[in-house]
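As the structure is a computational prediction, the values presented were derived from the model and not from experiment. Chain letters run A, B, ... following the sequence lines, proteins first and then strands; every chain starts at 1.
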Amino acid sequence: MLKTHNCGGLRAAHVGQEITLAGWVNRWRDHGGLAFLDLRDRSGIVQVVSDPDAAPGAHAVARQARSEFVLQVRGVVRRRPDGLTNPDMPTGEIEVVARQVEILNPAKTPPFYVYDDSPVDEALRLKYRYLDLRRQRMQRNLILRHRVVKYIRDFLAARDFVEIETPILFKTTPEGARDYLVPSRVHPGEFYALPQSPQQLKQLLMVAGFERYFQIARCFRDEDQRGDRQPEFTQLDLEMSFVEREDVIALAEALLTGVIEDCCERELLLKPFPRLTYAEALRRFGSDRPDMRFGMELVDISDLVAESGFGIFSKTVEGGGQVRGIRAPGCGSYSRRQIDELTELAQREGAKGLAWMAVGEGGEVRSSFAKFLAGEEIAAIIERMEAEPGDLLLFVAAAAPVVNAVLNGLRLELGERLGLRDANVLACCWVVDFPLFEWNEEERRWDPSHHLFTAPMPEDLPLLDTDPGAARGQQYDFVCNGVETGGGSIRIHQREVQEKVFELIGLDAAVARERFGHMLEAFEYGTPPHGGIAPGIDRLVMFLAGEPNIREVIAFPKTQQAADLMAGAPSPVEPEQLEELHIQIVDE
RNA sequence: GGGGGCGUAGUGUAGUGGUUUAACAUGCCGGCCUGUCAAGCCGGAGAUCGCGGGUUCGAAUCCCGUCGCUCCCGCCA
């Protein structure tokens, strides 16, 4: 080893020891006589002093060192003189007096500051990712990520899970997201697909009798990017045999609670995680992934305004729609301009308009529609909304899906403005009882709302024949701070049920056999009832790190255009490579 | 596929309703300096203002296009 100690680990207890350090120059301060170097390695930073009188050779070398030079320093740990300690540094009580300094490698001036986390253009960070990763923020995040994955492995291994790898080169599945395809050299014109998740394979591992499987699995989806979506991402994929929904949820909750409490200091607001049905989540929050860090729940006033003189309200209710609202505490003084902004947001989400009512400090009402209502109707609304003086009430009248979308959008926006979406707080919940199918109007058929193999709730089995849209699936989503962070289900293990689902989604037997024949055949050889869940590791670590996007917890992420700016991927390839793969590029 | 934001010395920003040696900080280079830790002081170099075109006597600034990064909608079983 080129070093005997780590920079960040040196303390007063080391005083007097002769040690060797190796690391990068964080900052340097040359006083002409004395020179100081802050030497950094992964463990932290320690001050190195070079004194021309004590060690002229070392001093001469040290003076040449610049930011990010790689040095080896041999020296003695010394307690700093009185009054010269630095209480802001963990190593601030001591310093290392250099006896010998060697430049292991010089460094060009970095394109941005490594020694602090000051903001830098994202493209530049990604181009020089190896330098960005030297910075404290990324070191901290990736080490946190390591601890999270380590915790998961230990937790599951202790509970009898087996970690098994599944192929990256697999088979295309036209359902779901767009696949990344890999051409086959050996089979001209044929392609592998990168897995969107190991879904089928983990179920086959249950058929294979492993009973408890997990994998830290890379997944690939060729869809447009978001702050919480990358073309390749990592899931904790796990599957269990002989379990019911409660078993999977209980295990996952114990694991997730343990990870959160073990790996970060953030407040876990709700423990145990609240359980909401899909219908309840939409009713209370307008979303199937509610941000539970704050209240501001949706309130239905349809019955109060059904007979009112405000036509937009009464006609909407008469036509089968609804009128619901939210209460924005302390926003009663919002100007017309601010309310117009909220109205624009509402219209983007599909509302025709936004009805509002501000309750003044003295209880007086300022409103876009109150003049159409009777006094007792206004009073009833205020009472139902539990409005206090100074509050702003916002109402949307429309069909339920529109009301949900609009009020969800307003709730999140107001939560943001009121500072209720604090990254230091984690609020998780489970959403269960999802509808098994969604009606696809274009294709005139049912689409699976989760995936093809999700089992219906046992009591809803008859509905598959009579009212498929009302059938609920044994599905569960794990939601953290308003982001879907994991989802899973109990799977179908009975052939009749699976065939019924294929029929409902318009997958005829021949096509099903071609795409999923291996699954169907496997299921005929004694399939245990099974189910699982797949929490997103990137999203989870993002929350634990308090980061605003998952690029900050991925070592080498891609841009929104799915490019790697450091390596320059994707890139053109040699004609010979294409020829070998039987690929022709067609000009658009 | 659509909408918004950003792009000016190495870096972070100012300037942007037309005419400036394009400013400030930091970094970089040189000098001075034996207790700094965001070191200090003095000096210096460093920008055809993302790129292309247009309008104009004159464009970082206005217009059109394009590229890159980013946020959002669609999409993401």
Base, sugar-phosphate, or nothing for [X], non-hydrogen atoms under 4.0 angstrom?
X: A:Glu68; answer: nothing
X: A:Ser449; answer: sugar-phosphate
X: A:Thr91; answer: nothing
X: A:Arg78; answer: base
X: A:Thr109; answer: sugar-phosphate
X: A:Ser50; answer: nothing

Is A:His31 stacked on the base of B:A39 when the test is centres under 5.5 angstrom and planes under 30 degrees? yes
Is there a donor in the side chain of A:Ser50 and an acceptor in the side chain of A:His59, or the other way round, less than 3.5 Å apart? yes
Pair assignment for [N], Watson-Crick or G-U wobble, requiring both distances under 3.5 Å:
N: B:A14; value: none
N: B:G7; value: B:C67
N: B:A47; value: none
N: B:G35; value: none

Is the side chain of [X] donor-acceptor paired with the backbone N or O of [Y] at a distance under 3.5 Å, no angle test?
X: A:Asn6; Y: A:Gly8; answer: no
X: A:Gln230; Y: A:Lys558; answer: yes
X: A:Arg411; Y: A:Ile326; answer: no

How close or far is atom [atom2] of [N] from atom [atom1] of [X], stated in whole angstroms?
X: A:Ile94; N: B:C37; atom1: CD1; atom2: P; answer: 18 Å
X: A:Arg27; N: B:U11; atom1: CZ; atom2: C1'; answer: 13 Å
X: A:His59; N: B:G35; atom1: NE2; atom2: P; answer: 12 Å
X: A:Tyr128; N: B:U11; atom1: OH; atom2: P; answer: 9 Å
X: A:Glu341; N: B:G4; atom1: CD; atom2: C1'; answer: 14 Å
X: A:Phe112; N: B:U13; atom1: CZ; atom2: P; answer: 14 Å
X: A:Leu131; N: B:U11; atom1: CG; atom2: P; answer: 13 Å
X: A:Arg63; N: B:A39; atom1: CZ; atom2: P; answer: 17 Å

Rounded distance in Å between the [atom1] positions of [N] and [M]:
N: B:G17; M: B:C28; atom1: P; value: 35 Å
N: B:U16; M: B:A59; atom1: C1'; value: 10 Å
N: B:A60; M: B:A23; atom1: P; value: 14 Å
N: B:G44; M: B:A25; atom1: P; value: 14 Å
N: B:U56; M: B:C69; atom1: P; value: 35 Å
N: B:G54; M: B:G74; atom1: P; value: 41 Å
N: B:C29; M: B:C67; atom1: C1'; value: 34 Å
N: B:G15; M: B:G68; atom1: P; value: 28 Å

Quick one: the side chain of A:Tyr113 and the base of B:G10, do they pair up donor-acceptor inside 3.5 Å? yes
Under a 4.0 Å threshold between the charged nitrogen and the carboxylate oxygen, would A:Glu93 count as salt-bridged to A:Arg80? no
Hey, are A:Arg40 and A:Glu68 close enough for a salt bridge, meaning a charged N less than 4.0 Å from a carboxylate O? yes
By nearest-nucleotide position on RNA chain B, the 5'-leaning member of A:Leu34 and A:Tyr115 is A:Tyr115
Could you check A:Pro81 against A:Asp30 and say which one's nearest nucleotide on RNA chain B is further toward the 5' end? A:Pro81
Could you tell me how the ring of A:Phe523 sits relative to the ring of A:His530: parallel (under 30°), tilted (30 to 60°) or perpendicular (over 60°)? tilted
Trace of the side chain to side chain contact (heavy atoms under 4.5 Å, CB included) decision for A:Leu410 with A:Leu342: CA-CA 7 Å; A:Leu410 289 169; A:Leu342 297 177; 4.0 Å; yes
Under 4.0 Å protein heavy-atom contacts per nucleotide of nucleotides 67-76 of chain B, with B for base, S for backbone only and - for none: --SBBSBBBB
Look at the side chain of A:Leu124 and decide which nucleotide, out of B:C37, B:G35, B:U11, has an atom nearest to it. B:U11
So, OP1 or OP2 of B:C28: does either fall under 4.0 Å of a side-chain N or O from A:Arg66? no
Taking 4.0 Å as the cut-off, does a side-chain nitrogen or oxygen of A:Arg29 come that near to OP1 or OP2 on B:U36? no
Using the rule given for ring pair (Phe, Tyr, Trp, His ring centres under 6.0 Å), can you reason through A:Trp28 versus A:Phe36, listing the C-alpha separation, both sets of side-chain angles and the distance that settles it, and then say yes or no? CA-CA 6 Å; A:Trp28 54 280; A:Phe36 300 93; over 10 Å; no
Report the C-alpha distance between A:Phe516 and A:Phe453 in whole Å, list the side-chain angles of each, state the deciding distance to 0.1 Å, and finish with yes or no for ring pair (Phe, Tyr, Trp, His ring centres under 6.0 Å). CA-CA 11 Å; A:Phe516 302 107; A:Phe453 304 108; 5.7 Å; yes
